[in-house]
Amino acid sequence: MTAHVKPKALDNFQARDFRMLIDGVWTEGAGPALERVAPGHGIVVSRYPAGTKADAERAIAAARKAFDEGPWPSMTGAERSNILLKAADLIAARADELAFLDCIESGKPISQAKGELGGAADIWRYAAALARDLHGESYNTLGQGTLGVVLREAIGVVSIITPWNFPFLIVSQKLPFALAAGCTTVVKPSELTSGSTLVLGEILVEAGVPAGVVNILTGTGPEVGAPMTTHPDVDMVSFTGSTGVGRLTMANAAQTLKKVSLELGGKNPQIVFPDANLDEFIDAAVFGAYFNAGECCNAGSRLILHKSIAADVTARIAELAKKVKVGDPLDPTTQVGAIITPQHLEKIGSYVDGATKAGASVALGGGALDLGLGQFMTPTILSGVLPDMTVAREEVFGPVLSVLTFETTEEAIRIANAIDYGLSAGVWSRDFDTCLTIGRKVRAGTVWMNTFMDGASELPFGGYRQSGLGRELGRHAVEDYTETKTLNMHMGARTGWWMPR
């Protein structure tokens, strides 16, 4: 048993008690409190209400009423934009508080959490701009007596369900765009990392979002998440999480034929050719594998290296990975923090054990790391991995890098595509034709060329196949939360109807 050492930064810390937001009122909920133990420190840091089905139904009813009768959907785009911009300013003003919550609840390094908050504020500002740009179409080419107009209308009530690995960033990839479109929402963050989303509720109330437009529930998937995906008064579900739960969400939503947006798992390859700038790639390989302790759907967890460079590159990656600082998430110099739960740490270890039994070799790490704090794992590299091994096909969601090899471009493409996922990929070569060939033929929603895990609010994000449905971010993100309506208008006296006069 690890003896937990409380860092000085938590000397005067008191666990924070949160409430849910339903119809503009902060409520304790009907169930008992859920306690969150910090994965990097082993102490209770937050308590949330354990929401129930009844709480979910109250929140959905509030969102329904706010959409059908409230002012939010009928506001001008400029009015909604101004409120979203105020929210962005308040997010920036409370960034340190929000980053601290994400750090202690998820185990991510504090420096990383602060970076994510900067990105999130930018997304809110981008969504605010799109609120003023949402528009329909008109067609005056249908004949002298006909005018066609296509309207974009808010889809209605949206259930938003977010995961534990990027608590504030991922809700920011969904909620501001739904609000920009004029939707009302019910939001359920992970029961492991609900704190920053609840603070976001405070921010939105202060920014002027009317009661019932944003409702925030805490609790488990079976109790709270399930009714959010099945209730007939919900018009759309936006979910980020595992592929398995995504399938369940889709099946639940199918009962009432809701629109579904899913951002799910990934097993993302980086394909490296001998002519690549290997110094830059090795840095990107370490970052792509161990950022957020590998608990990232976009992690570059599969290296597909040309055989002629595989041994040397693997050794160089291992040397750099040894310098990665794993430690206290509250230490500004930490690069890799804690694993989310003891159970997840055990699951990651089982993938490593299974890989070695299947014939792979541990080139670095391979096990848990006792730092006298919470639960940690050393950065791990598995070499000699074959495409049909479980560790090469399933999402480990931990700091584990699998190294595979190829000889021809066609073989590299075949290995990259020979899995169920298609979220992202990378290709490294100085030859533009090679990069473009990989970019066109690898089935993934994002393909990075001579870089990895770059992003911007303007660029769409999402995956092929079992990595999800739909896209987030980008200039069409607000449109995802709308329905189109056709108005076919006839001008003047109509003649030539079917029945003779």
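Worth knowing before you read on, the calculation uses all heavy atoms, side chains too, and leaves out hydrogens, waters and symmetry mates. Residue numbers run from 1 in the order of the sequence given.
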Contacts table for residues 17-27: side-chain donor-acceptor under 3.5 angstrom, sequence neighbours left out:
unit_1, atom_1, unit_2, atom_2, d
D17, OD1, R47, NH1, 3.3
T27, OG1, G29, N, 3.2

(Q) Using the side-chain hydrogen bond (donor to acceptor under 3.5 Å, both in side chains) criterion, which residues pair with Q255? Sequence neighbours excluded. (A) none

**Q.** Main-chain N/O of M75 paired to R80 side chain as donor or acceptor, under 3.5 Å
**A.**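 Side chain of R80 to backbone of M75, a donor-acceptor pair under 3.5 Å: yes, one is there.
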
Q | Any K267 side-chain heavy atom under 4.5 Å of V396 side chain | A |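 SC-SC contact between K267 and V396 confirmed.
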
Q. So do the side chains of L169 and Q173 get within less than 4.5 Å of each other, counting heavy atoms only?
A.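 Answer yes - side chains close enough.
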
With a cut-off of 3.5 Å and sequence neighbours excluded, list every side-chain donor-acceptor pair involving residues 239-251.
unit_1, atom_1, unit_2, atom_2, d
T240, OG1, K174, NZ, 2.8
S242, OG, V245, N, 3.2
T243, OG1, G265, N, 3.4
T243, OG1, Q466, O, 3.0
R247, NH2, Q466, OE1, 2.3
T249, OG1, V245, O, 2.9

Q) Do NZ/NE/NH1/NH2 and the carboxylate oxygens of R58 and D55 come within less than 4.0 Å? A) yes

Q: Would you mind checking if E319 and K322 are paired as a salt bridge, meaning a charged N to carboxylate O distance below 4.0 Å?
A: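 Salt bridge flag = yes for E319 with K322.
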
Determine all donor-acceptor pairs shorter than 3.5 Å in which one atom belongs to a side chain in residues 198-206; sequence neighbours excluded.
unit_1, atom_1, unit_2, atom_2, d
E202, OE1, R94, NH1, 3.3
E202, OE1, R94, NH2, 2.9

Q. Does a side chain donor of either S350 or D353 reach within less than 3.5 Å of an acceptor in the other side chain?
A.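 Side-chain D/A pair, S350 to D353: absent.
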
Q. Any cation-pi pair here, K108 with F166, using under 6.0 Å and within 45°?
A. yes

**Q.** Non-neighbouring partners of P399 that pass side chain to side chain contact (heavy atoms under 4.5 Å, CB included), sequence neighbours left out
**A.**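 Once residues adjacent in sequence are excluded, the partners of P399 under the side chain to side chain contact (heavy atoms under 4.5 Å, CB included) criterion are Y290, I339, I348, M377.
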
Q. Which ring-ring contact (aromatic ring centres under 6.0 Å, His included) pairs, counting each pair once, include a residue from residues 187-214, with sequence neighbours left out?
A.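 Applying ring-ring contact (aromatic ring centres under 6.0 Å, His included) to every pair that reaches into residues 187-214, excluding sequence neighbours, yields nothing.
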
Q: Please determine which of L90, L85, L179 meets the side chain to side chain contact (heavy atoms under 4.5 Å, CB included) test together with W124.
A: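 It is L179, the one option of L90, L85, L179 that forms the side chain to side chain contact (heavy atoms under 4.5 Å, CB included) with W124.
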
Q. Can you tell me if CD on Q14 sees more than 12 non-hydrogen neighbours from other groups inside 6.0 Å?
A. no

